[in-house]
Amino acid sequence: MGKMDKIFNELEQIVGNRVRMNASDLCCYSADASQIRGMPDFVLFPISVEEVSEIMKIANKYNINVTARGAGTGLAGGAVPVKGGIVLDMTKMDKILKIDIENLLVVVEPGVVQVDLNEALKPYGFFFPPDPGSFATCTVGGQIANNASGMRCVKYGTVKNYVLNLEVIMADGTLMNTGSECQKTSSGYDLSRLFVGSEGTLGIITKATLKIMPIPECRKLVMVSFPSSEIAGKSVSTVFSAGVMPSACEILDKTSVDVLLKLDPNVILPKDGDVIIFEVDGSKEAVDSAADKLKETLTPFASSILVTDDPDEMKKIWAARSLVGAAVSKLDPTKTRIYVGEDLGVPIKKLPEMIKKVYEVTDKEGLLPMIYGHIGDGTIHVGQFIDVLDQNDWDKLNRAADALHLAAIEIGGTVSSEHGIGAARGKYLKTQCGNSFNAMKSIKNALDPKGILNPGKLGFD
Amino acid sequence: MNFDKMKYGQKYFPDVDVRDLYRCVSCGNCRSVCPVFEVGGWESTNTRGRILIARNLYEGAEFEEEIFDSINTCTTCGICAKTCPAGANPPALVEGIRKGLVDMGKMTETQKRISETVDEFGNTLKSEEKRNSWLTSDIQVPKKADVVYFVGCLDSYRYKETALKTYKILNKLGVGLLEDETCCGSPLLRIGFSAEKQTDHNRKQFIRSGTKTVVVGCAGCYNTLKSNFPELEILSVSDFLSKNIEKLKSAGLKKLDITVSFHDPCHYGRDNSIFESPRKIILEICTLKEMKNTKEKSKCCGGGGGVRTGYNDLSIEIAKRRWEDLPKGVNALVTTCPLCVRNMRDSNSNPEIQVLDIIDLIESALE
Ligand SMILES: Cc1cc2nc3c(=O)[nH]c(=O)nc-3n(C[C@H](O)[C@H](O)[C@H](O)COP(=O)(O)OP(=O)(O)OC[C@H]3O[C@@H](n4cnc5c(N)ncnc54)[C@H](O)[C@@H]3O)c2cc1C
Ligand code: SF4
Ligand code: SF4
């Protein structure tokens with residue numbers, strides 16, 4: 001019996017028929033939503049922390065790489081086993097173990113899908129705020145490992161603000177907890193935060209205790225169009241300077257508006273330029289007053305302003321907005337959105353500069369970008385789309401992505417605002433982080449000395 | 001992207017639209033809708049996995065038997081296509097891949113059996129009976145008619161009472177029958193075979209009867225006839241009867257004191273936007289309480305795409321999940337396709353709730 005068959009048999013003893021190694025199943029786990037590809041040797045579904053621990057012990061014994069995977073909606077190849085080994089699909093560990101309103105927390109397994117968690121919390125009047133566009137599919141584990149954020153993070157913060165404790169299986173199969181059910185702690189290194197954004201390179205998250213928030217009484221959208229996306233970008237700091245804290249602040253340049261209207265032709269949206277959708281939330285009075293202040297502040301910059309507080313209308317707008325990035329083919333069926341160079345982040349005041357740079361870079365390559373994203377926290381998603389059957393288009397796209405990443409670093413920004421580094425952006429991390437990159441590497445070596453946890457990620461190897 | 005490798009696909013999978021194949025951005029949104037994935041859980045049972053496998057095959061990857069459990073488990077329900085942000089059409093890709101594989105001689109025993117059965121018997125049920133054995137002698141079938149009722153295999157052989165009830169009503173509205181109807185070919189086309197023989201046979205029948213309009217009971221037949229006979233008007237039974245609702249009322253259609261729910265067959269609803277006519281009829285008769293997922297978002301019964309025959313357990317499990325959408329306080333689940341009737345009946349665990357073809361409801365209201 002060959003080594004791989006022997007390992008398969010040992011894995012099978014742990015998970016029964018929840019392990020496979022045939023080529024067609026493996027190929028389905030060779031990709032996420034990025035362009036990164038890598039074939040695993042085994043795919044398996046653990047259903048308990050004990051199983052994860054046993055699997056890690058085998059991996060440690062045989063020196064096999066292990067890549068955790070949630071829904072595989074990551075945009076940086078985080079869940080792609082670029083160096084082979086085991087893919088640990090965590091989606092069958094999907095139980096909501098505890099909803100504890102008095103303590104303002106939930107305890108969940110990592111495979112719980114974001115939308116299911118919020119559906120379960122709704123009857124209690126609570127929610128877990130980080131809401132990526134992929135909320136209908138992405139898992140809490142993937143969100144934590146990527147420090148994901150979403151439309152409402154401008155006010156509510158990203159996943160890192162919500163993690164109280166993580167149960168983690170380490171590279172050698174041992175179990176540890178990074179925190180507790182306390183809302184805060186001042187006891188040594190903040191290991192919960194260390195694991196947030198660690199992209200499966202330090203351990204496998206098997207349980208998470210998360211802080212939750214009350215659902216606001218009211219929400220209102222103020223949708224403002226601007227003559228250019230640079231002016232739109234500038235308006236964001238003006239809004240903050242005026243003392244308004246929107247609960248969402250999403251830019252959609254003209255192309256993104258056109259794409260969104262293809263996704264749902266019936267949504268109400270200004271159609272005369274680049275748009276920012278501001279959402280305000282809170283009590284009725286607070287919402288009305290914030291919306292009025294927004295209108296007053298933005299009128300000098302705006303081409304037009306539309307306001308709605310119709311819940312169905314708002315739901316439709318957010319649903320279409322969440323998928324806009326993937327939908328460019330609806331505008332031009334010969335073009336496909338390719339997620340590269342898509343997740344830039346800059347300090348808020350530098351937004352107009354970054355937007356200008358995006359147009360310069362893409363103009364140079366003759367590509368038409370779409371700009372959208374959570375501009376309120378400095379995120380700029382750049383949608384680039386090409387004819388995938390044209391090699392020349394691929395070359396242009398990759399050059400543009402590289403230039404965009406370097407430009408973001410140059411102006412003091414980040415190559416990933418929320419999607420993560422994975423294998424797609426590894427080569428930029430050292431340049432962006434300087435010496436702290438070495439500290440990260442030391443941490444990685446200390447916690448995973450054999451380098452079996454998600455190798456090939458974060459630019460470490 | 002390896003353009004050289006794609007030449008293999010162009011040669012062996014000519015029915016696959018290469019642009020559509022690479023249109024998928026792997027966003028994973030289909031994980032939230034694919035009914036097979038909901039049961040299977042493996043990416044290979046999800047739309048995105050099927051597309052990755054399809055790309056591999058297209059680029060010349062070695063074939064292995066396990067591919068069937070991915071490619072052949074798609075019910076072609078089309079909900080992924082409706083919700084895919086990139087605008088991909090996965091069921092068409094799946095059918096293109098099935099066709100390419102079949103043409104290379106790669107098929108499961110079930111596929112082979114279905115093809116041989118339809119070829120030999122002209123129906124999917126291996127029945128040697130006359131196709132219209134359900135017809136009673138008291139009914140006068142017009143020799144020639146502009147409008148004919150296309151009965152379909154399931155109603156011709158398994159649900160003869162549905163065929164009879166339907167035709168009794170249609171006959172009063174001047175509708176004829178084909179002299180020698182054969183399988184529409186849908187079961188073959190869905191699983192990768194061509195159906196030229198069946199299409200040609202039925203074409204001759206339509207010409208002979210002077211058909212201008214075809215009234216169809218089964219959603220699979222409807223879809224297939226609509227794409228194969230663009231020159232004819234193809235109507236579902238519910239479309240036709242809702243157009244004739246005043247005549248039904250004159251014939252004594254009365255209100256029933258029941259509440260029903262309605263399951264939209266994928267090929268009528270999502271594929272052809274037939275949402276209103278069945279509801280109009282139901283509302284004339286009784287109270288309608290919608291299922292949780294309805295119309296465009298209606299979930300599949302699990303029966304289509306050859307899945308019921310090839311993967312019966314999976315098919316029934318999908319139907320069981322569909323039952324979870326049933327609202328409380330209904331007496332029956334009504335639908336308009338015999339395949340949905342069959343799968344929903346076979347998966348029904350509540351004897352209090354009946355699964356009715358819409359024609360059963362109409363007939364009760366006419367009694
Ligand atoms: C259409 C679309 C819209 C998106 N919008 C947003 C957005 O608005 N904001 C945003 O932040 N992101 C967004 N994303 C990116 C992505 O959806 C998020 O990063 C999401 O959190 C990934 O979750 P997942 O379950 O798919 O994780 P995966 O992609 O499966 O994995 C992501 C990373 O987490 C690791 N991981 C997964 N589970 C575990 C675990 N249990 N233990 C340890 N490591 C684990 C993996 O190894 C990998 O490194 C979007 C993606 C798409 C396709
Ligand atoms: S088929 Fe559509 S929804 Fe599914 S992964 Fe591909 S692009 Fe996304
Ligand atoms: S057509 Fe239906 S069964 Fe087939 S991949 Fe799409 S959603 Fe799944």
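This is a predicted model, so every value here is computed, not measured. Reminder, nothing fancy here: chain letters follow the sequence lines and each chain counts from 1.
- Only the side chain of A:Leu263 comes within less than 4.5 Å of a heavy atom of chain B; its backbone N, CA, C and O stay farther away.
- For chain B, the nearby part of A:Asp390 is the backbone; its heavy atoms alone come within less than 4.5 Å.
- Heavy atoms of A:Ser329 lying under 4.5 Å from chain B belong to its backbone as well as its side chain.
- Here the closest heavy-atom approach between residue A:Ser24 and residue B:Glu66 is recorded as OG-CB, 3.3 Å.
- Side-chain contact between B:Arg23 and A:Lys335 is absent, with no heavy atoms from C-beta onward closer than 4.5 Å.
- Between chain B and the options A:Pro333, A:Ala31, A:Ser134, the largest number of non-hydrogen pairs under 4.5 Å is found for A:Pro333.
- The candidate with the highest count of non-hydrogen atom pairs below 4.5 Å against chain A, out of B:Gly41, B:Ala61, B:Ala88, is B:Gly41.
- With a 4.5 Å cut-off on side-chain heavy atoms, B:Tyr22 and A:Thr336 do not count as touching.
- No other option in A:Cys27, A:Ala136, A:Cys28, A:Ala33 has as many heavy-atom pairs under 4.5 Å with chain B as A:Cys28.
- Of the inter-residue distances, the one linking B:Ser26 atom OG with A:Gln35 atom CD reads 8.0 Å to the nearest 0.5 angstrom.
- We find the OG1-CZ distance between A:Thr137 and B:Arg48 to be 7.5 Å, quoted to the nearest 0.5 Å.
- Heavy-atom contacts from other residues, nucleotides or ligands closer than 6.0 Å to NZ of A:Lys316 number more than 12.
- At a 4.5 Å heavy-atom cutoff, the contact between B:Glu64 and chain A is made by side-chain atoms alone.
- For A:Gln391, the parts sitting under 4.5 Å from any heavy atom of chain B are the backbone and the side chain alike.
- Distance CH2/B:Trp42 to NZ/A:Lys92: 8.0 Å, rounded to 0.5 Å.
- A distance of 6.5 Å separates OH of A:Tyr339 from SG of B:Cys27, quoted to the nearest 0.5 Å.
- In this structure, chain A has a heavy atom under 4.5 Å from the side chain of B:Phe3, while its backbone stays farther away.
- The contact between B:Asn29 and chain A is made by backbone and side chain atoms together, counting heavy-atom distances below 4.5 Å.
- Between chain B and the options A:Val324, A:Leu75, A:Val113, A:Val43, heavy-atom pairs under 4.5 Å are most frequent for A:Val43.
- More than 12 heavy atoms of other shown residues, nucleotides or ligands fall within 6.0 angstrom of atom NZ in B:Lys289.
- Of the listed residues A:Val115, A:Ile338, A:Asp32, the one with more heavy-atom pairs under 4.5 angstrom with chain B than any other is A:Asp32.
- Of the two parts of A:Lys262, neither the backbone nor the side chain holds a non-hydrogen atom closer than 4.5 Å to a non-hydrogen atom of chain B.
- Only the backbone of B:Cys84 comes within less than 4.5 Å of a heavy atom of chain A; no side-chain atom from C-beta onward does.
- Counting heavy atoms from C-beta outward, B:Ser44 and A:Arg20 have side chains that approach closer than 4.5 Å.
- No side-chain heavy atom of B:Glu43 sits less than 4.5 Å from a side-chain heavy atom of A:Asp25.
- Highest contact tally toward chain A, considering only B:Thr45, B:Leu57, B:Val25, is held by B:Val25 [criterion: heavy-atom pairs under 4.5 Å].
- Around CG of A:Asn17, the count of heavy atoms belonging to other residues, nucleotides or ligands within 6.0 Å does not exceed 12.
- Contact count versus chain B (heavy atoms, under 4.5 Å) is highest, among A:Thr334, A:Asp89, A:Thr73, for A:Thr334.
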